[in-house]
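Keep in mind the model is a prediction, meaning the values are calculated, not measured. The chains referred to below are lettered A, B, ... by the order of the sequence lines, with proteins before strands, and numbering in each begins at 1.
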Amino acid sequence: MDRYSFSLTTFAPNGKLLQIEHALAAVGNGSTSVGIKAANGVVIATEKKTGSSLIDISSLEHMAMICDSIGMVYSGMGPDFRVLVSSARKMAQAYYKTYMEDPPVRILVKELASIMQEFTQSGGVRPFGVSLLLAGVDERGPNLYQVDPSGSYFPWKAAAIGKNMVNSKTFLEKRYNSDMELEDAVHTSILTLKEGIEGQMTEDSIDIGIISIATGVQETDTKPVFKRLTSAEIKDYLSNIA
Amino acid sequence: MSSRSANAGYDRHITIFSPEGRLFQVEYAFKAISNAGLTSVGVRGKDSAVIATQKKVPDKLIDASTVTHVFRITPFIGCVMTGLDADGRNQVTRARQEAAEFKYKYGYDITPDMLAKRMANINQVYTQKAFMRPLGVSMVIIGWDEERGPQLYKTDPAGYFAGYRATAAGAKHQEAFNYLEKKLKGEGPASVEDTVELAIATLSSVLSANFKAQDLEIAVVTKENPQFRILSTDDIDAELMRIAEKD
């Protein structure tokens, strides 16, 4: 069925791959997402923009759990994100099948990035119009990675992607310190998003996901699990902001 | 950064990115939906979900009973297709295949949200691979979910999908959205009759028309009768009479 045997992403005379640059422009048109790596965990958050009050917000999935120890959020084109979520989940299960463990974050990131790179070189396809932020905990501790449409990936202490990324990154640079606790990181990520949001910020207009390193004293507390905060929990955080 | 690559101009012909990060083919597919000239709405009430669309028979010689944009996909899920008729039939056929395969593989009926997601994922492929163009249709799905009750979903050529309390597609969809947003500021319609009435009222308002039964197509799923049911002309007549008598 794929009749195109040639790549649609080709070099321009100045050496640039313009389709990738345009894909990054598509990311820049998307809602802002931020991530912060704390000393004891990672938080990722995004603005949930709904074009209309008629949309049933509970049907939208901006933040996805890939496996117990890894979560993912995006900026850019929603439909492209869904494809990558499916791929990431399958990869994580394939890894588990071989090693009986969740994949370390950097391994999953490498495989996802590899898929995104393929779409910049294979015949008849366009690059993905999303940048991803992956948050996870593995034996190296908390991790935060960004993956771009080109397939490049970057580990970050704090990151921002999407519409308001420049201002958000400046904001984060001022407030970040490496002994930040997860609670403070959640607070800071909300403040960062707030800078870019037009209008009111409510518990339904943002999505927050956290994963904390195992701190348990008991046997049962040792597995870190990525979880999305509920509306009620987000409301609590919002009420603590001036 | 204003260098033009060898792909100059092709961003309008196949689904590759434009310099601003847009997909023109997808945007043109949306235009094709509006150009078809019809508008459809969907409303989800407390115990029911309704879809309604205009029935315009372009020629007196056409057999009106064969003109339809409302289709059953499974006994409990149906849809209204807005846009290019042929693309719509293609999608309906595919949706029926997907639903049947799901039932065969997993042993239970596909739910409206899973079907909507599957169709949206198929639409996404057409926005990323050059070999097939996006389809010029928007699919509004209603269905009865055993666990969640009435469901209303819409998919579009961009591969986007979402659940709605009310939605619209087609030429006057923006006006319909505005109308519905106002009407649904508070609680939605409770009874089946109110849900049907809101759907008809929305179409009447944005199309500035007083409908006769043969100008409309309506389908419902309700708590009492969760099977997807397309109303007959007599049923529609009864609803219109009821609304008229109310005033």
Among D113(B), T167(B), L23(B), I14(B), which residue forms the greatest number of heavy-atom pairs with chain A at distances under 4.5 Å?
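Looking at each option in turn, the highest pair count goes to L23(B).
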For chain A, find which of A130(B), A166(B), A120(B), A116(B) contributes the most heavy-atom pairs closer than 4.5 angstrom.
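Highest number of pairs under 4.5 Å: A130(B).
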Proximity of residues 171-185 of chain B to chain A, residues having a non-hydrogen atom under 4.5 angstrom:
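Residues in range: F177(B), L180(B), E181(B), L184(B).
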Could you have a look at P79(A), A25(A), S59(A) and say which one has the most heavy-atom pairs with chain B under 4.5 angstrom?
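Among P79(A), A25(A), S59(A), the one with the most close pairs to chain B is P79(A).
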Find the one option among G28(A), G51(A), P127(A) whose heavy-atom pairs under 4.5 Å with chain B are most numerous.
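The answer is P127(A).
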Can you tell me if R82(A) uses its side chain to pair, donor with acceptor, with the backbone of G159(B) under 3.5 Å?
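Pair found, side chain donor or acceptor close to backbone of G159(B).
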Whether D56(A) side chain and Q151(B) backbone form a donor-acceptor pair below 3.5 Å
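No, because the side chain of D56(A) does not come within donor-acceptor range (under 3.5 Å) of the backbone of Q151(B).
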With a cut-off of 6.0 Å (strictly less than), are more than 12 heavy atoms of other residues, nucleotides or ligands near [atom1] of [X]?
X	atom1	value
Q97(B)	CD	yes
K48(A)	NZ	yes
F154(A)	CZ	yes

Measuring heavy-atom distances to chain A, does [X] have an atom under 4.5 Å in its side chain, in its backbone, in both, or in neither?
X	answer
N121(B)	both
Q128(B)	both
F161(B)	both

Please find the pair of heavy atoms, one from [X] and one from [Y], that lie closest to each other, and give the distance.
X	Y	value
G21(B)	A26(A)	O-CB, 3.3 Å
A162(B)	I55(A)	CB-CG2, 4.1 Å
R126(A)	T127(B)	NE-O, 2.6 Å

Interchain contact, L60(A) with chain B, by part (heavy-atom threshold 4.5 Å):
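Only the side chain of L60(A) comes within 4.5 Å of chain B.
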Chain B heavy atoms under 4.5 Å from F128(A): which part of the residue, side chain, backbone, both or neither?
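Both backbone and side chain.
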To the nearest 0.5 angstrom, please state how far the CD atom of E61(A) sits from the NZ atom of K117(B).
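NZ of K117(B) is found 4.0 Å from CD of E61(A).
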Sequence neighbours left out, what passes side chain to side chain donor-acceptor pair (under 3.5 Å) with N123(B)? Give chain and number order.
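With neighbours one apart ignored, the set is Q91(B).
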